[in-house]
Asker: 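The structure's right below; bear with me while I get my questions together.
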Amino acid sequence: MSENGLPLCRSLEDHVPLFRGNPGSCEELPGFLSFEGLGWRAAIELSSRRSGTRNARPRQLAGHGSVSPTAPRAILVRMDINARNIATHAADAPATAEPTPVVGRFAPSPSGRMHLGNVFSCLCSWLSARSQGGGIVLRIEDLDDRCKRPELAAQLIDDLAWLGLEWDEGPYYQHDRLDLYERALHQLQDAGLTYPCFCTRAELHAASAPHASDGTPIYRGACRGLSAEEVARRSILRAPATRLRVPVVDDLADDVIEFVDRTYGAQCEALATECGDFLVRRSDGVFAYQLAVVVDDAAMGVTEVVRGCDLLGSTPRQIYLQHLLGLPTPHYAHIPLLMSPDGRRLSKRDRDLDLGELRARFGTPETLLGWLAGQMGIAPDATPRTAEQLVEHFSWDVIRAHRENIVMDERTGMQQTAAHPDDHLDSDIAKASTTHLSPEGFDAFCEILDSPTPEATKTLLERKSAWE
Ligand code: GLU
């Protein structure tokens, strides 16, 4: 028994078959994933009632953010209903005997100079890959018009080099890779999974609640069933965007994407109700980030995606696309954001603590990296250190321990904000989340709990005793 009276159990790794990115495969986590008939409607309603941020990010399966030190390096995808893998030719590929080498990536958008948050994200990607003997790919994400600034891309590259975060491949530029995105889009179109959408931004925002993780409204399907004549008629007036259908099920949200994030733990999202059909190409012809990033991560052999937790909410869409296109799913690790004292997250456009200023202030990359690593708990103190010297200090446990967003106060350094609202498991969620678990799944569930409330603990113990 652990201190809070919950059963100590095998680590999740004992339960979780590693998801090897086997194209099209949906690895099941025995017990833990035995959520058949759990009633996601209830779970969703409970979790949204509790947090008040229905769509802020994928829901945490256990209402917590912590994973045991032996955290599973597993991505779980459960999409047994309607979802199709349209790349069946790849689905039978034999599993490789050799462990796949770790490949991380930097994927900056050249919309401005890097800020301290971007440095932290690149540092974590780099340290994670290097600490596993892996490599790094550099990809410049310049699809958007406002990112087509070669001088900003050059500055980003210079800043990464100055920091000593060297990469092994690239830089690749997304604007050079449009044919790859086009091909992937055709695959989806040929499988009948897309449709033209004529909705204006104003219509989208008026018709639905916002998708709080990235501001994208949940799409209610206004253009889903347009006739060919209607499409032709509207196309004369307006170029359509292209949307990808997500599976619709009668029971609200039965089709759930689940994955384990290395920092924020088990996550799930029902695309149908929490996202809706999403864009794969905008009406101005620009490929959507979700499509490009999935195509590129696969083409570049990326096995590990480390990025800010503002993108946690995009991950289910990316996993869905990977599934459809028969592409492997990398491991995901989202990291806390750095915030300004007024509660905004640092942004390139606002030139918050940008690298120009930081380079001038700290003088050397060792001073800056050592200070940052000390502040974030990666290193024991703020001694100047090279990126290479930080490798031995790095561990995901430290990042998990600091997973709340960090307020960056320029005068006093960094301070932790209050705990994430999902950090405490309450009794309702405990009940809803464990109703259909097998004993093994229940044990795995408890293993990853952080700090359940006393009522939640009581609920869990009651459930446990029912088996004994
Ligand atoms: N290009 C994105 C950014 O600079 C990151 C995308 C990703 O890591 O998936 O914020």
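Read the numbers this way: they start at 1 and go in the same order the structure lists the ligands and their atoms.
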Asker: Who pairs with P196 by side-chain contact (heavy atoms from CB on, under 4.5 Å), at least two apart in sequence or on another chain?
Answerer: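 side-chain contact (heavy atoms from CB on, under 4.5 Å) list for P196, sorted by chain: F198, V231, P240.
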
Asker: Hey, are D142 and H175 close enough side-chain-wise for a donor-acceptor pair under 3.5 Å?
Answerer: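 On atom types as modelled, these side chains qualify, holding a pair under 3.5 Å.
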
Asker: In ligand 1, which numbered atoms sit nearer than 4.0 Å to a non-hydrogen atom of R307?
Answerer: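 So the atoms of ligand 1 that pass are 7 (C), 8 (O), 9 (O).
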
Asker: At what distance is the nearest protein heavy atom to atom 3 (C) of ligand 1, and which residue and atom is it?
Answerer: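 It is S109 OG, 3.6 Å.
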
Asker: Atom 6 (C) of ligand 1: which protein heavy atom is closest, and how many Å away?
Answerer: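 Heavy-atom neighbour on the protein nearest atom 6 (C) of ligand 1: E141 OE1, 3.3 Å.
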
Asker: When you measure from atom 8 (O) of ligand 1 to every protein heavy atom, which one gives the shortest distance, and what is it?
Answerer: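 Checked against all protein heavy atoms, atom 8 (O) of ligand 1 sits closest to R105 NH1, 2.6 Å.
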
Asker: Looking only at heavy atoms of Q318, does any of them come nearer than 4.0 Å to an atom of ligand 1?
Answerer: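 For ligand 1, residue contact (heavy atoms, under 4.0 Å) with Q318 is absent.
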
Asker: Please report which non-hydrogen protein atom sits nearest to atom 5 (C) of ligand 1, along with the residue it belongs to and the distance in Å to one decimal place.
Answerer: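 So the nearest neighbour among protein heavy atoms is A107 O, 3.4 Å.
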
Asker: Going by distance only, is there an N or O of P108 that falls short of 3.5 Å from an N or O of ligand 1?
Answerer: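 N/O-N/O distance under 3.5 Å: no.
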
Asker: How are the rings of W371 and F362 set to each other: parallel, tilted or perpendicular (split at 30° and 60°)?
Answerer: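 Rings of W371 and F362: tilted, as their planes differ by 30° to 60°.
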
Asker: What protein heavy atom lies closest to atom 9 (O) of ligand 1? Include the residue and the distance to one decimal.
Answerer: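 In this structure, atom 9 (O) of ligand 1 has Y289 OH, 2.6 Å as its nearest protein heavy atom.
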
Asker: Pick out which of H331, H334, R400, Q267 makes a side chain to side chain donor-acceptor pair (under 3.5 Å) with D261.
Answerer: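 Passing option: H334.
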
Asker: Side chains of Q132 and E304: is there a donor and an acceptor less than 3.5 Å apart?
Answerer: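 Checked: Q132/E304 side chains pair up, N/O donor to acceptor below 3.5 Å.
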
Asker: Inspect the contact between D158 and R359 and indicate whether a charged nitrogen and a carboxylate oxygen are less than 4.0 angstrom apart.
Answerer: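 Salt bridge present between R359 and D158.
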
Asker: My understanding is that only residues two or more places apart in sequence, or in another chain, count here; which of them pass side-chain contact (heavy atoms from CB on, under 4.5 Å) with V391?
Answerer: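 Partners of V391 by the side-chain contact (heavy atoms from CB on, under 4.5 Å) criterion, ordered by chain and then number, come out as W126, L127, R130, S131, E388.
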
Asker: What do we get for L311 next to ligand 1 when only non-hydrogen atoms under 4.0 Å count, side chain, backbone, both or neither?
Answerer: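 Answer for L311: side chain.
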
Asker: For V293, take its heavy atoms, then give the atoms of ligand 1 lying under 4.0 Å from any of them.
Answerer: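 Within the 4.0 Å cut-off of V293, ligand 1 contributes 9 (O).
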
